[in-house]
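Quick notes on the structure that follows.
Below, chains carry the letters A, B, ... as their sequence lines are ordered, and counting in each starts from 1. Quick note: numbers below take in every heavy atom, side chains included, and nothing from hydrogens, waters or symmetry partners. Note that the coordinates shown come from a computational prediction; the quantities given were computed from them, not determined experimentally.
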Protein chains: 2
Amino acid sequence: MDETMVAQVRRFNRVVTQQVGALNDRFLARDRPLGESRLLWEIGEGRDVRSLRAALGLDSGYVSRLLRSLEAAGLVTTQRGAADRRVTLARLTGDGRAERDLLDERSDALAAELLETLPHRQRERLVAAMADVERLLTAATVRFAVTDPDDPVAQHCLRAYAAELDVRFDGGFSLDRGIRADAADLRPPNGLLLVATLHATPVGCGGLLFHDAGPAHLKRMWVDESARGLGLGRRLLEELERQAAEHGAPAVRLETNAALTEAIALYRSAGYTEVPAFNAELYAHHWFEKVLPPWE
Amino acid sequence: MDETMVAQVRRFNRVVTQQVGALNDRFLARDRPLGESRLLWEIGEGRDVRSLRAALGLDSGYVSRLLRSLEAAGLVTTQRGAADRRVTLARLTGDGRAERDLLDERSDALAAELLETLPHRQRERLVAAMADVERLLTAATVRFAVTDPDDPVAQHCLRAYAAELDVRFDGGFSLDRGIRADAADLRPPNGLLLVATLHATPVGCGGLLFHDAGPAHLKRMWVDESARGLGLGRRLLEELERQAAEHGAPAVRLETNAALTEAIALYRSAGYTEVPAFNAELYAHHWFEKVLPPWE
DNA sequence: TCCATTCTCTGACTCTAGTCAGACGACTTG
DNA sequence: CAAGTCGTCTGACTAGAGTCAGAGAATGGA
């Protein structure tokens with residue numbers, strides 16, 4: 001790793017934690033402990049306590065106590081879930097909502113204050129650079145994992161994939177038509193499904209079907225709308241190629257629909273070349289193939 | 001303030017504090033409290049406790065206790081000052097130095113890890129954007145204040161100003177030659193000295209001499225080498241013009257040396273036009289003037 | 001139906017990170 | 001040389017942020 005890059009990251013961390021971190025946390029907490037403020041924020045329009053705990057990574061006893069304190073302050077009400085009466089639902093009261101909005105305003109004011117000290121041109125540069133950092137830092141925390149197709153996270157991806165194609169394809173799309181790729185096909189040893197997650201929420205996926213010593217068949221490539229432009233598609237593709245090579249596949253093949261222009265551009269720029277139709281996929285207009293370097 | 005800019009800053013804060021903040025602080029602290037680690041870091045190659053306290057903004061009792069704990073762990077030794085036996089000097093032991101280097105390494109490793117998750121192109125973009133954010137955030141925390149010329153901070157600026165000109169001018173420079181601008185001249189009502197500080201360290205200055213209803217005379221413009229490229233010169237100049245206008249000056253005048261090319265470029269781009277020599281300043285090659293809009 | 005699991009809550013702790021007041025010796029200055 | 005100031009230390013507190021070990025209800029599955 002380049003030393004000057006590392007040094008830059010460290011300088012960045014230092015400056016940013018001093019400026020942003022210190023202000024953000026302590027300022028926003030007002031007269032309330034930070035934990036309570038964070039909780040207030042995360043509750044949003046009502047949420048079950050279980051997911052709050054997961055989102056903030058806190059001990060159940062601790063959250064319970066924080067909630068009680070917010071309840072005592074009249075900012076939050078809790079009630080037991082209708083379906084499952086073990087779970088507690090937390091909801092903001094009117095006061096709670098007002099308090100959250102106030103935090104919001106203070107947050108805005110803080111950001112505005114920071115910007116106001118700078119002259120216009122530099123203000124714009126700062127905001128642009130922040131946008132870059134934010135997007136790339138987000139991209140850097142995306143994790144890839146081979147996931148069972150029946151896993152809820154994988155299910156979410158596959159549903160989102162189908163939903164998107166249904167919107168974009170002329171005449172819609174259904175997983176039941178065309179060439180099938182069911183759970184069993186996307187599970188070793190027949191194939192695999194790679195899922196990209198940001199924190200714990202799925203933001204993309206891609207599947208491979210293995211055919212003995214023949215080319216691997218790429219399927220179900222999807223990137224969530226919120227995560228586009230982060231180079232995720234390319235990273236998914238590269239990781240899938242790595243997996244295919246590791247399984248001894250000499251090449252990767254795929255078919256795609258003319259409506260998916262950005263995907264087609266990605267395949268081309270990643271070294272895929274258009275080949276004659278190698279199957280009779282109903283939804284496909286283009287067929288691509290890329291020969292893989294042999295795996296050692 | 002533009003709403004989308006504010007929103008971007010807030011998103012940035014959120015993402016960055018999650019990613020960087022959380023890691024940085026808690027990870028680096030190892031098994032030692034964060035306060036001790038920070039202190040260990042700040043001691044560096046030995047430092048008096050008084051300045052440590054100031055640098056970290058901590059209570060004297062608290063620092064005392066932290067030091068004692070570090071001492072008990074064999075990482076630090078303290079001794080009384082030779083000149084003034086009230087002050088304590090803290091110095092790292094061999095173990096202390098090793099520990100600090102370890103923190104250093106972990107810091108590097110953390111930064112490298114972050115970068116490694118990204119493909120090359122994005123890695124470079126991230127580092128470039130971080131550099132921008134860091135510089136601009138630094139610039140945003142610079143504060144300007146009219147300061148008495150005898151204040152140590154102001155003294156530092158004036159000495160640094162003279163030292164730099166002495167290096168850059170053909171034939172050197174001395175405050176005693178040429179047209180004088182002594183402390184009394186740079187103090188209301190005769191004039192003023194504006195000092196720019198980053199946290200508490202001086203990074204730039206600029207002086208004004210008032211001449212009744214005549215043009216104000218700009219003197220002693222200096223920006224520390226470490227703070228160049230942040231648009232500080234321009235902000236100093238603008239603030240000085242504001243001050244001059246507020247004092248009823250119809251214009252600002254200045255003379256400058258041909259060696260100060262970037263300053264000359266700044267004056268030109270800020271609307272100053274070259275005028276015939278209006279004084280006999282020994283060191284000057286160019287004379288500039290800018291008419292100010294009337295102050296309401 | 002019963003047993004294991006899930007979800008939440010309570011009580012009893014711990015550790016960090018401070019704050020505040022006062023004591024005390026070391027300097028400084030009139 | 002006396003009085004005040006400075007730098008440090010100690011003791012006595014406080015609040016925040018969490019951890020850990022159950023207890024007890026609700027639910028799900030065999």
Side-chain angles (χ1 to χ4, degrees), chain A residues 17-18 21-22 24-43 46-73 75-91 152, chain B residues 17-18 21-22 24-43 46-73 75-91 152:
Chain A
T17 46
Q18 261 187 20
N24 236 27
D25 288 6
R26 264 135 243 191
F27 233 63
L28 290 182
R30 299 223 308 150
D31 45 355
R32 191 178 315 292
L34 182 61
E36 289 183 17
S37 290
R38 286 206 294 158
L39 203 56
L40 202 62
W41 182 269
E42 285 288 342
I43 288 172
R47 222 168 137 178
D48 61 304
V49 176
R50 170 158 93 301
S51 79
L52 280 174
R53 234 177 20 232
L56 293 166
L58 299 175
D59 176 86
S60 70
Y62 186 34
V63 169
S64 171
R65 238 175 296 262
L66 287 176
L67 275 176
R68 198 108 335 98
S69 152
L70 287 171
E71 227 168 353
L75 302 176
V76 162
T77 56
T78 58
Q79 74 188 88
R80 282 313 170 94
D84 184 340
R85 292 175 9 129
R86 287 171 306 181
V87 307
T88 306
L89 290 161
R91 194 182 303 280
Chain B
T17 46
Q18 261 188 18
N24 238 27
D25 288 6
R26 263 135 245 190
F27 233 63
L28 289 182
R30 300 223 310 150
D31 44 358
R32 192 175 315 291
L34 182 61
E36 291 185 16
S37 290
R38 286 206 293 159
L39 202 57
L40 202 62
W41 183 268
E42 286 287 342
I43 288 172
R47 220 166 141 181
D48 61 305
V49 176
R50 169 155 97 301
S51 79
L52 280 174
R53 237 182 10 239
L56 293 167
L58 299 175
D59 176 85
S60 70
Y62 186 35
V63 168
S64 171
R65 238 175 294 263
L66 287 175
L67 275 176
R68 197 107 338 96
S69 151
L70 286 170
E71 227 169 351
L75 302 175
V76 162
T77 56
T78 58
Q79 73 189 88
R80 283 311 169 95
D84 184 340
R85 293 181 2 135
R86 286 171 303 183
V87 306
T88 306
L89 290 161
R91 194 181 302 282

Should R85(B) be listed as having a side-chain N or O under 4.0 Å from OP1 or OP2 of dG25(C)?
no

Could you give the CZ-to-P distance, from R53(A) to dG18(D), as a whole number of Å?
15 Å

Any donor-acceptor N or O pair under 3.5 Å, side chains S64(B), R68(B):
yes

Quick check on dG16(D): is either OP1 or OP2 less than 4.0 Å from any side-chain nitrogen or oxygen of R32(A)?
no

Nucleotide of dG18(C), dC9(D), dT16(C) approaching P33(B) most closely (side-chain heavy atoms)
dT16(C)

On the side chain of R65(A), is there an atom forming a donor-acceptor pair with the base of dG11(C) - under 3.5 Å, no angle test?
yes

From dT19(C), dT16(C), dC9(D), pick the nucleotide closest to the side chain of T88(B)?
dC9(D)

For E71(A) and T78(A), test the side chains for any donor-to-acceptor distance below 3.5 angstrom and give the result as yes or no.
yes

Phosphate contact (dC6(D) OP1 or OP2) by R50(B) side-chain N/O below 4.0 Å:
no

Taken to the nearest whole Å, CG/L66(A) to P/dC9(C) is 12 Å

To the nearest Å, how far apart are L70(A) CG and dC9(C) C1'?
16 Å

In whole Å, I'd like the distance from the CG atom of L52(A) to the C1' atom of dC7(C).
13 Å

For L52(A) versus A90(A), what's the shortest heavy-atom pair and its separation?
CD1-CB, 4.4 Å

Once you round it to whole Å, what is the distance between P of dC7(C) and CD of Q79(A)?
18 Å

Nearest whole Å is fine: how far is dA17(D) C1' from L34(B) CG?
14 Å

Quickly work out the L89(B) CG to dA26(C) C1' distance and round it to whole Å.
15 Å

Rounded to whole Å, please give me the gap between CG in L58(B) and P in dC9(D).
14 Å

NA contact type, V49(B), heavy-atom cut-off 4.0 Å: base, sugar-phosphate, or nothing?
sugar-phosphate

Classify A54(B) by what it touches in the nucleic acid, base, sugar-phosphate, or nothing, heavy-atom distance under 4.0 Å.
nothing

For dT10(D), take OP1 and OP2 only and decide whether either is under 4.0 Å from a side-chain N or O of R68(B).
yes

Counting any heavy atom closer than 4.0 Å, what does D84(B) reach on the DNA or RNA strands: base, sugar-phosphate only, or nothing?
sugar-phosphate

Starting at the 5' end of DNA chain D, which residue's closest nucleotide do you reach first, S60(A) or G61(B)?
G61(B)

Closest approach of G81(A) to R85(A) (non-hydrogen atoms, all atoms of both residues)
O-CG, 3.1 Å

For a quick check of understanding: with a heavy-atom distance under 4.0 Å over all strands, which category does G35(B) fall into, base, sugar-phosphate or nothing?
sugar-phosphate

To the nearest 0.5 Å, how far apart are CG in L39(B) and OH in Y62(B)?
9.5 Å

Stepwise side chain to side chain donor-acceptor pair (under 3.5 Å) check, E36(B) with S69(B):
CA-CA 8 Å; E36(B) 291 185 16; S69(B) 151; 2.5 Å; yes

Taking N and O atoms by type only, does the side chain of R86(B) place a donor or acceptor under 3.5 Å from a partner on the base of dT8(D)?
no

Identify which nucleotide among dT8(C), dT16(C), dG18(D) has an atom closest to any side-chain atom of Y62(A), counting heavy atoms from C-beta outward.
dG18(D)

Select one nucleotide: of dA17(C), dT8(D), dT19(D), the one nearest the side-chain heavy atoms of D59(A).
dT19(D)

